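In this text the structure is predicted, and so the values were computed from the model without any measurement.
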Amino acid sequence: MARVSSLLSFCLTLLILFHGYAAQQGQQFPNECQLDQLNALEPSHVLKSEAGRIEVWDHHAPQLRCSGVSFARYIIESKGLYLPSFFNTAKLSFVAKGRGLMGKVIPGCAETFQDSSEFQPRFEGQGQSQRFRDMHQKVEHIRSGDTIATTPGVAQWFYNDGQEPLVIVSVFDLASHQNQLDRNPRPFYLAGNNPQGQVWLQGREQQPQKNIFNGFGPEVIAQALKIDLQTAQQLQNQDDNRGNIVRVQGPFGVIRPPLRGQRPQEEEEEEGRHGRHGNGLEETICSARCTDNLDDPSRADVYKPQLGYISTLNSYDLPILRFIRLSALRGSIRQNAMVLPQWNANANAILYVTDGEAQIQIVNDNGNRVFDGQVSQGQLIAVPQGFSVVKRATSNRFQWVEFKTNANAQINTLAGRTSVLRGLPLEVITNGFQISPEEARRVKFNTLETTLTHSSGPASYGMPRVAAA
């Protein structure tokens with residue numbers, strides 16, 4: 001009897017704890033996606049560094065909180081080095097402008113890039129002089145249009161080897177099952193210091209953010225790395241106020257492959273025969289491809305020379321996206337081209353404008369227009385799952401990238417040859433909208449395009465909002 005009583009008491013305690021946790025979660029994120037109004041968002045905080053800056057959007061903004069993501073833009077000046085860091089979340093990045101180098105350090109993977117030069121420095125180890133070659137994990141060339149997948153806990157760095165700024169925008173999946181902390185992005189820096197503090201965690205008292213080595217005692221670092229105490233103290237960057245993007249003095253001599261087009265012709269022909277996806281070896285997390293370019297119209301999913309193109313990137317194209325559960329879409333349309341009304345069936349979308357301007361309307365589940373306005377370069381807007389959206393370019397060219405919270409995001413369209421209306425029987429349309437069979441036939445069959453069409457101009461936009469009859 002005592003055992004039964006103890007068991008009941010234990011179950012009751014668990015029940016109380018569960019309800020308390022659920023109530024706490026409800027208070028923390030009450031009605032997250034009850035969105036009556038959306039806005040085009042711009043950065044709320046800027047972290048300035050010696051050779052660039054990091055611009056951070058407020059992830060507590062209702063539309064970003066609903067989507068479960070945060071967003072940042074990295075602007076790296078020529079010869080600027082973004083020091084290695086990692087995050088508690090999966091990250092999908094897009095190179096909006098410029099070119100450079102990128103490196104990652106994936107736990108447990110070998111240093112497959114090795115220096116084969118004749119001159120090798122020496123170091124003292126275990127009482128004898130030894131020769132060594134520099135070796136490190138993979139370094140990649142990146143350029144405008146590249147989309148880069150990064151898993152949680154993987155240290156990553158960027159270097160701008162071009163003449164113009166390198167601009168990278170990133171979405172962080174805070175709601176991912178891989179984030180075991182709270183819904184805040186947390187950068188962990190391996191080098192450098194951030195004198196301005198941890199602006200990612202808004203509402204928390206700001207204090208300078210230092211690198212990970214700073215938290216350990218210098219003697220611990222010296223013992224772990226088998227170095228002297230003075231070098232260990234230098235790793236802590238205690239008096240370094242350059243920030244997280246520093247300027248490289250002199251040449252940046254990392255081991256890197258030549259750019260495509262600069263390699264021997266036989267190597268490129270060999271790659272062409274075997275493809276980019278492997279060389280007969282089983283692909284592992286160490287060799288998995290994490291980058292793909294979305295700026296090449298020849299690989300577009302939708303292409304009309306007079307209107308523009310749309311390209312998508314999902315886990316079928318880049319298998320690592322299946323692991324981080326994110327995908328991307330790249331669009332480029334000419335003035336007055338329209339993307340037919342559509343909605344995301346299984347994902348939230350974060351739309352970031354890389355060039356130009358467009359008029360956008362978004363409608364929620366109550367049939368209310370929650371956004372009707374202009375978006376321009378550098379702004380972003382979230383399109384929650386199921387919310388219908390239409391876009392029309394109002395500048396000579398409108399270009400954008402969408403980050404979606406599903407590895408294989410699906411869309412449904414309201415108009416066009418593959419739309420939901422096209423799939424409905426005429427009798428359903430006739431009775432549902434109280435229109436004649438002839439009108440229903442026009443509604444169903446008049447639009448022959450699937451995604452892109454030419455709009456009649458601004459006359460159909462900017463109309464006053466009217467209540468549904």
Side-chain angles (χ1 to χ4, degrees), residues 40-41 71 73 92-99 142-149 162 164-171 291-314 316-318 321 326-344 347 349-362 371 373-383 388-404 409-411 413 415-418 447 449-458 461:
L41 302 177
F71 199 87
R73 179 167 59 211
L92 192 60
S93 303
F94 180 81
V95 181
K97 181 181 178 182
R99 71 174 202 194
I142 56 174
R143 59 188 172 94
S144 178
D146 277 349
T147 308
I148 307 162
E164 64 176 350
L166 173 63
V167 181
I168 302 170
V169 292
S170 299
V171 68
T291 306
D292 207 333
N293 193 278
L294 285 175
D295 266 1
D296 182 3
S298 67
R299 58 147 293 170
D301 298 292
V302 177
Y303 178 71
K304 290 190 172 184
Q306 299 81 10
L307 299 177
Y309 69 89
I310 291 178
S311 299
T312 58
L313 182 67
N314 57 34
Y316 297 107
D317 309 303
L318 197 62
L321 295 179
L326 295 170
S327 58
L329 176 148
R330 174 65 160 163
S332 176
I333 57 177
R334 299 180 184 275
Q335 189 166 24
N336 288 330
M338 175 195 289
V339 181
L340 290 170
Q342 58 186 228
W343 72 89
N344 290 294
I350 307 300
L351 185 155
Y352 175 81
V353 182
T354 59
D355 191 33
E357 297 179 335
Q359 187 78 18
I360 292 181
Q361 291 183 354
I362 302 175
F371 183 80
Q374 194 95 343
V375 294
S376 56
Q377 181 178 358
Q379 293 182 321
L380 70 81
I381 189 167
V383 184
S388 296
V389 57
V390 61
K391 315 176 191 76
R392 182 180 64 84
T394 55
S395 57
N396 289 334
R397 183 174 296 276
F398 172 61
Q399 294 183 309
W400 76 98
V401 60
E402 289 180 42
F403 300 98
K404 302 193 178 187
Q410 300 172 358
I411 62 167
T413 54
R417 185 157 42 88
T418 58
T447 302
E449 298 89 351
T450 59
T451 306
L452 296 179
T453 189
H454 191 278
S455 74
S456 57
Y461 281 78

Show your reasoning for whether side-chain contact (heavy atoms from CB on, under 4.5 Å) applies to Arg392 and Asn336. CA-CA 6 Å; Arg392 182 180 64 84; Asn336 288 330; 2.9 Å; yes

So do the side chains of Val389 and Trp343 get within less than 4.5 Å of each other, counting heavy atoms only? no

Over all atoms of both residues, closest heavy-atom pair of Ala149 and Leu92: CA-CD1, 3.8 Å

Please check: side-chain N/O of Asn293 versus main-chain N/O of Ser144, any donor-acceptor pairing under 3.5 Å? yes

Going by heavy atoms in the side chains, are Lys97 and Glu164 under 4.5 Å from each other? yes

Does a donor on one side chain sit under 3.5 Å from an acceptor on the other, for Ser170 and Arg73? no

Between Leu340, Ile360, Ile362, which is the residue that forms a side-chain contact (heavy atoms from CB on, under 4.5 Å) with Lys391? Ile360

Polar side-chain atom of Thr291 near backbone of Ile148 as donor-acceptor pair, under 3.5 Å: no

Under 4.5 Å between any side-chain heavy atoms of Lys404 and Ile411, yes or no? yes

Any non-hydrogen side-chain atom of Val167 less than 4.5 Å from a side-chain atom of Val95? no

Compare all side-chain heavy atoms of Leu329 with those of Val401 and state whether any distance is below 4.5 angstrom. no

Quick one: does any side-chain atom of Arg334 pair with a main-chain N or O of Ala393 as donor and acceptor, under 3.5 Å? no

Any side-chain donor paired with an acceptor under 3.5 Å for Gln399 and Ser332? yes

Does the pair Arg143/Asp295 count as a salt bridge with the N-to-O cut at 4.0 Å? no

Mind listing the closest non-hydrogen atom pair of Thr451 and Ile310 along with its distance? CG2-CD1, 3.7 Å

Identify the two heavy atoms, one from Asp296 and one from Ser311, that lie closest to each other, and give their separation to 0.1 Å. O-OG, 4.5 Å

Leu380 and its side-chain contact (heavy atoms from CB on, under 4.5 Å) partner, picked from Trp400, Phe403, Tyr352: Tyr352

Less than 3.5 Å apart, any donor N or O on the side chain of Thr312 or Asp301 sitting next to an acceptor on the other? yes

Heavy atoms of Gly356 and Phe398 approach each other most closely as C-CD1, 4.1 Å

Between Ser395 and Gln335, is any side-chain donor less than 3.5 angstrom from a side-chain acceptor? no

Minimum heavy-atom distance Leu166-Gly98, with the two atoms named: CD1-C, 4.0 Å

side-chain contact (heavy atoms from CB on, under 4.5 Å) assessment of Gln374 paired with Thr394: CA-CA 9 Å; Gln374 194 95 343; Thr394 55; 2.8 Å; yes

Quick one: does Ile142's side chain get under 4.5 Å of Ile168's, heavy atoms only? yes

